[in-house]
Amino acid sequence: MALPASMKCIEILDPGPTAALVPAERPLPTIGPGEVLIRVAAAGVNRPDVIQRQGMYPPPPGASDIPGLEVAGTVAAVGQAVNGMAVGQSVCALVTGGGYAEYCAAAAELCLPYPAGYDAVRAAALPETFFTVWYNVFQRAGLKAGESFLVHGGTSGIGTAAIQLAKAFGARVFTTAGSDEKCRACRDLGADCAINYKTQDFVQVIAEQTGGRGVDVILDMVGGDYLPRNIKSLAADGRHVSIAFLSGPKADVNFLPVMLKRLTLTGSTLRPQPVAAKSAIADDLKARVWPLLDQGRMAPAIFATFPLDRADDAHRLMESSTHIGKIILTLDRI
Ligand SMILES: NC(=O)c1ccc[n+]([C@@H]2O[C@H](COP(=O)([O-])OP(=O)(O)OC[C@H]3O[C@@H](n4cnc5c(N)ncnc54)[C@H](OP(=O)(O)O)[C@@H]3O)[C@@H](O)[C@H]2O)c1
C-alpha cells in the first residue's frame with residue numbers, strides 16, 4: 001500500500017500542563033538502515049512522557065520530539081540491512097520517541113512479535129515496562145528464584161510488570177501502593193505482600209514478614225527519603241536499583257549499612273542506551289518472557305484506552321495516579 005505524505009501526531013508545543021499536547025500534521029518519519037516504519041495501531045503512555053511534556057525529560061540526541069516510547073502496529077516499510085521482517089507483519093516496538101503518531105520509525109532489533117492472541121492495545125502495553133523491568137531487576141540486580149523482591153509503586157505500569165515477572169521467575173514479591181484497592185490489585189497480579197504505604201510503614205512490615213532479614217532486591221522509583229528506608233529493608237548482599245525519583249533525586253544515605261550488608265546500589269535509564277544494548281534485552285525477552293506471555297502466564301494490566309487526539313486526557317489520568325496498570329492511546333484501525 002502506498003504511504004501517505006503526512007501523518008497525524010501529537011506534538012508538545014510549549015512544555016507544561018496537558019494543554020501542551022496538541023494534534024498536528026507532520027511528514028512521515030524517514031527510516032535509516034536497520035530500521036522499519038510502523039503503521040501505529042496503539043501506543044503506550046508512560047510516566048516519562050508526562051515528564052517530557054512538563055519539559056523535564058528532553059529526548060536524547062537523534063530521537064523524535066514527538067512523545068511516545070512504545071508502539072504496536074504493522075510494518076509499513078523496511079529499511080536497508082533489515083533481515084527477517086516484512087511489510088504487513090504485526091510488531092510491538094521500543095522506540096526513543098515518536099509513538100504518539102500514525103507512523104513511527106523503530107530499530108528492527110527492538111521489534112518483538114505480538115504474543116499469541118494479542119491485539120495492538122495489549123501488545124503496545126509491553127515494550128517500555130518489560131524492557132525496563134527485565135534489564136533492571138534481572139540483568140542488573142540479578143534477581144533469582146527463591147529470592148525476595150520489593151517494587152514500590154506496584155500499580156504503576158512498571159510495578160504491574162515487575163510483580164508478574166518477579167513472581168513468574170520464582171521470587172517472593174513485596175510491593176507498596178497508595179490505597180487498599182491498589183494493594184488488592186497488586187495481590188491479584190501475584191504479589192505475596194502488598195503494603196498500603198499511607199497506612200503502614202513498609203520497613204516495619206518487611207522486617208516482620210522476613211523475620212528481620214530483609215529483601216534481596218528492591219526496584220525503586222520514589223527516591224528521596226525512600227533511599228535510607230530501602231537500605232534498612234535490604235538483606236545482606238542485597239541489590240537496590242533506582243529507575244526514577246518521583247519524590248526527588250537527592251537522599252541522605254548512611255553508608256555504614258551499605259558496607260556492613262555489602263549492598264549494591266545501582267540504577268539506569270533505558271531511553272538513551274544504544275540500540276545494541278537494548279537489542280540484548282530484546283533477545284532475552286524473546287527467549288525467556290515472550291513464551292510466558294504466549295501461554296497467558298502473565299499479561300499486561302490495561303486500565304484505560306484513549307483515542308490519540310485525547311492524549312491530554314490520558315496524561316491527566318496518569319497524573320491523577322488513580323490508574324492501575326497501563327494507559328494506551330489507540331489509532332482508529334486496531
Ligand atoms: N529508568 C528507566 O529506564 C525508566 C523507564 C520507564 C519508567 N521509569 C520510571 O518509572 C516510574 C513508573 O513509570 P510508569 O510509567 O509505570 O508510571 P505510572 O504508571 O504513572 O505510575 C506511577 C505510580 O507511582 C506511584 N507514586 C509513588 N510516589 C509517587 C509520587 N511522589 N508522585 C507520583 N506518583 C507516585 C503512584 O501510585 P500510588 O498511588 O501507589 O502512589 C503512581 O500511580 C516513573 O517514575 C518513570 O519515570 C523509568
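In each ligand, atom 1 is the first atom listed, and ligand 1 is the first ligand listed. Owing to the predicted nature of the structure, the values given are computational and were not obtained by experimental measurement.
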Starting from Tyr118, can I reach Ile38 by hopping between I/L/V/M/F/W/Y residues whose side chains sit under 4.5 Å apart? no
Which segment of Lys326 sits under 4.0 Å of ligand 1 when only heavy atoms are counted: neither
When hydrophobic residues are tied together by side-chain contacts of less than 4.5 Å, even through go-betweens, does Leu112 share a cluster with Leu69? no
Spell out, as yes or no, whether a donor-acceptor pair under 3.5 Å connects the side chain of Thr74 to the backbone of Gly88. no
Before signing off on this row, confirm whether Ile158 and ligand 1 have an N or O atom pair separated by under 3.5 Å. yes
Does Arg271 have a non-hydrogen atom less than 4.0 Å from ligand 1? no
Side-chain (Glu102) to main-chain (Met7) donor-acceptor, under 3.5 angstrom: no
Decide whether a cation-pi geometry holds between Arg271 and Tyr57; the criteria are a distance under 6.0 Å from NZ or CZ to the six-membered ring centre and an angle within 45° of the ring axis. yes
Quick one: name the residues clustered hydrophobically with Val22, using the 4.5 Å side-chain heavy-atom rule over I, L, V, M, F, W, Y, and just say none if it's on its own. Leu13
What atoms of ligand 1 come within less than 4.0 Å of a heavy atom belonging to Met221? 11 (C), 12 (C)
Can you tell me which portion of Thr132 lies within the under-4.0 Å heavy-atom range of ligand 1? Options are side chain, backbone, both, or neither. side chain
Counting from 1, what ligand 1 atoms have a heavy atom of Thr269 closer than 4.0 Å? 1 (N), 2 (C), 3 (O)
Restricting to heavy atoms, the pick from Ile243, Leu317, Thr176 nearest atom 8 (N) of ligand 1 would be Ile243
Nearest option to atom 1 (N) of ligand 1, as decided by whichever heavy atom of Pro48, Ser268, Ser321, Ala244 sits closest: Ser268
Atoms of ligand 1 close to Ser247 [distance to a heavy atom under 4.0 angstrom, numbered from 1]: 31 (N)
With the threshold set at under 4.0 angstrom, would you say Tyr197 reaches ligand 1 through any of its heavy atoms? yes
For Gln209, give me all partners under side chain to side chain contact (heavy atoms under 4.5 Å, CB included), at least two apart in sequence or on another chain. Arg172, Phe174, Cys193, Val205
Heavy-atom nearest neighbour of atom 39 (O) of ligand 1 within options His315, Lys182, Glu319: Lys182
Would a distance-only check, ignoring hydrogens and angles, find a side-chain to backbone donor-acceptor pair under 3.5 Å from Gln273 to Thr269? yes
Would you kindly specify which portion of His152 sits under 4.0 Å from ligand 1, judged on non-hydrogen atoms: side chain, backbone, both or neither? neither
